[in-house]
Amino acid sequence: MNVLVTGGCGFIGSNLVRYLRAQRPGWKVVSLDKLTYAGNLENLGELEGDPGYHFVRGDIGNRELVEHVIRQHSIDAVMHLAAESHVDRSILGPEAFIVTNVLGTQVLLDACRPTGVKRFLMVSTDEVYGSLGPTGAFTESSPLRPSSPYSASKASADLLALACGHTFGMDVVVTRCSNNYGRYQFPEKLIPLMVVNALHDQPLPVYGDGGNVRDWLHVEDHCQALAIALEHGRSGEVYNIGGGAERPNIEIVKGILSILGKPESLIRFVKDRPGHDRRYAIDPSKIKAQLGWTPAHTFERGLEETVRWYVDNRPWWERVRSGAYLQYYETQYRARLEPAAA
Ligand code: NAD
Ligand code: TDX
């Protein structure tokens with residue numbers, strides 16, 4: 001099988017490409033990536049020279065290019081991960097999220113039809129469901145109530161993919177996963193940001209009271225679920241993917257400090273993220289029952305391994321934190337680090 005992975009040089013995409021080459025060695029994998037600030041060729045440096053892996057730099061919104069790549073590599077299936085993925089950035093500037101996540105997804109879907117792509121896997125997110133109260137979990141039939149520009153753009157893309165299934169008979173599968181963690185995550189997201197700040201003895205900015213809950217999924221468990229969903233998922237169906245590891249943010253931040261042997265005095269409670277969803281929790285019983293998927297990683301061990309990876313791979317995050325990212329961090333992000341009580 002020949003698979004096109006969009007966003008293959010980002011966090012989940014690069015872990016997915018590596019996973020597919022190792023676990024599905026008979027598949028040819030092509031990565032289409034624009035290499036925004038979040039995409040990095042280094043993430044897949046170890047695949048250099050691998051005849052089963054090809055990289056194309058380009059935008060999913062470029063219809064001509066996408067059709068060319070699909071035909072050139074006789075693509076059978078698309079795994080669509082390319083996106084603007086950071087909620088905070090979507091609050092500062094939603095436009096890029098609409099261009100890539102909504103329009104880009106539609107262009108990609110349109111390019112799949114005349115080129116004979118057999119299956120389209122849309123990687124969506126649990127954020128499309130909005131926020132939960134203290135109990136319960138999202139099922140695939142929970143209503144979509146996205147609350148940030150990011151999640152609204154992902155909900156649009158998710159629904160556009162499903163609509164292409166209904167209207168044009170495309171073979172579409174949608175997955176909605178919880179928060180991923182693991183190696184190669186860009187250090188603007190909670191876990192790597194906290195690790196990097198702690199290593200610099202800089203304050204760790206915890207939004208609000210730190211009681212917001214996320215349901216953590218090891219990226220390798222996610223990759224396994226995506227491969228299974230592509231192979232065996234039922235056409236037109238949605239699958240929730242979650243690691244069953246609900247944790248309040250403050251617990252994670254304290255856990256990171258403890259692994260690194262750094263003091264809790266580095267924690268700084270700052271002004272809350274506008275519209276901050278309080279709690280996410282995934283009910284993954286459908287993918288477990290229908291497709292036999294089950295996560296292999298436990299959160300505490302996975303977190304410790306991830307933190308150690310960042311400690312051991314300092315040159316990687318020092319490089320990705322330079323340039324455009326640093327500019328964003330210094331101007332937009334730091335400006336919002338006001339105390340929670342302000
Ligand atoms: P990421 O930001 O690390 O990577 C995104 C990748 O997409 C980058 O390599 C970037 O260069 C590329 N890209 C961006 N715009 C593009 C465009 N117009 N054309 C081609 N490539 C483009 O994101 P991630 O965390 O790896 O997330 C991957 C996917 O998984 C996204 O669709 C995201 O919404 C979804 N998701 C992520 C999480 C998470 O916890 N990280 C959870 C749920 C869903
Ligand atoms: O500095 C911070 N301080 C803080 O308290 C940052 C960056 C985050 N947080 C909080 C906000 C969230 O409650 O930590 C939690 C996790 O935040 P992020 O890492 O920004 O992730 P989140 O907003 O939950 O979204 C992520 O999971 C769902 C991904 O970025 C999305 O792409 C995915 O769809």
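Please read these numbers as outputs of a predicted model, since none were measured by experiment. Indexing begins at 1, ligand by ligand and atom by atom, following the structure's order.
For the pair Glu127 and Arg145, the salt-bridge criterion is not met [side-chain N within less than 4.0 Å of a carboxylate O]. Using a 4.0 Å cut-off between charged side-chain N and carboxylate O, Asp171 and Arg119 make a salt bridge. Taking the charged nitrogens against the carboxylate oxygens, Glu305 and Arg183 have no contact shorter than 4.0 Å, which rules out a salt bridge. Salt bridge Arg273/Asp88: present, at least one basic N to carboxylate O contact under 4.0 Å.
Side-chain contact, Tyr129 with Arg176: a donor N or O sits under 3.5 Å from an acceptor N or O. Using a 3.5 Å distance cut-off with no hydrogens or angles, the side chains of Asp277 and Ser147 do pair a donor with an acceptor.
Looking at ligand 2, you won't find any N or O of Asp126 less than 3.5 Å from one of its N or O atoms. When only interatomic distances are considered, the shortest N/O to N/O separation between Pro205 and ligand 2 falls below 3.5 Å. Some N or O of Asn179 is nearer than 3.5 Å to an N or O of ligand 2, by distance alone. Residue Glu188 places no N or O, backbone or side chain, under 3.5 Å from any N or O of ligand 2.
The number of heavy atoms from other shown groups lying within 6.0 Å of CZ (Arg278) is above 12. Around the CD atom of Glu46, the shell of radius 6.0 Å holds more than 12 heavy atoms that belong to other residues, nucleotides or ligands.
The contact set between ligand 2 and Val206, taken as ligand atoms under 4.0 Å from a residue heavy atom, comprises 5 (O). Listed by number with element, the atoms of ligand 2 under 4.0 angstrom from any heavy atom of Met194 are 1 (O), 2 (C), 3 (N). Counting atoms of ligand 2 from 1 in the listed order, those under 4.0 Å from a heavy atom of Leu193 are 1 (O). Near Ser85, the atoms of ligand 2 lying under 4.0 angstrom from a non-hydrogen atom of the residue are 29 (C), 30 (O), 31 (C), 32 (O). Using a 4.0 Å cut-off to heavy atoms of His86, the atoms of ligand 2 that qualify are 20 (O). Heavy-atom proximity to Arg214, at under 4.0 Å, picks out these atoms of ligand 2: 12 (C), 13 (O), 24 (O). Near Thr125, meaning under 4.0 Å from any of its heavy atoms, are these atoms of ligand 2: 28 (C), 33 (C), 34 (O).
Geometrically, Arg89 engages Tyr37 in a cation-pi contact, judged by NZ or CZ lying under 6.0 Å from the ring centre and within 45° of the ring axis. For the pair Arg113 and Phe168, the distance from NZ or CZ to the six-membered ring centre is under 6.0 Å and the angle to the ring normal is within 45 degrees. Relative to the six-membered ring of Trp317, Arg321 misses at least one condition, a distance below 6.0 Å or an angle of at most 45° to the axis. Cation-pi contact between Arg214 and Tyr280: present, with separation from the ring centre below 6.0 Å and deviation from the ring axis of at most 45°.
With a 4.0 Å cut-off on non-hydrogen atoms, Ile191 does not touch ligand 2 at all. Residue-level proximity to ligand 2 for Leu190 is carried by backbone and side chain together, each with a heavy atom below 4.0 angstrom.
Among Tyr207, Phe186, Tyr181, the residue whose heavy atom lies nearest to atom 2 (C) of ligand 2 is Tyr207. Which of Arg176, Arg89, Arg273, Lys189 comes nearest to atom 20 (O) of ligand 2 through a heavy atom is settled by distance: it is Arg273. When the heavy-atom distances from atom 13 (O) of ligand 2 to Arg268, Arg279, Glu127, His276 are ranked, the shortest goes to His276.
Looking only at distances, no side-chain donor or acceptor of Asn43 sits under 3.5 Å from a matching main-chain atom of Gly39.
At a heavy-atom cutoff of 4.0 Å, ligand 1 is surrounded by Gly7, Cys9, Gly10, Phe11, Ile12, Asp33, Lys34, Leu35, Thr36, Ala38, Gly39, Gly58, Asp59, Ile60, Leu81, Ala82, Ala83, Ser85, Thr100, Val123, Ser124, Thr125, Tyr150, Lys154, Cys177, Ser178, Asn179, Asn180.
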What side-chain donor-acceptor pairs closer than 3.5 Å can you find for residues 65-83, not counting sequence neighbours?
unit_1: Glu67; atom_1: OE1; unit_2: Arg71; atom_2: NH2; d: 3.3
unit_1: Glu67; atom_1: OE2; unit_2: Arg63; atom_2: NE; d: 2.7
unit_1: Glu67; atom_1: OE2; unit_2: Arg63; atom_2: NH2; d: 3.1
unit_1: His73; atom_1: ND1; unit_2: Lys28; atom_2: NZ; d: 3.3
unit_1: Asp76; atom_1: OD1; unit_2: Lys118; atom_2: NZ; d: 2.8
unit_1: Asp76; atom_1: OD2; unit_2: Asn2; atom_2: N; d: 2.7
unit_1: His80; atom_1: ND1; unit_2: Thr6; atom_2: OG1; d: 2.7
unit_1: His80; atom_1: NE2; unit_2: Thr105; atom_2: OG1; d: 2.9

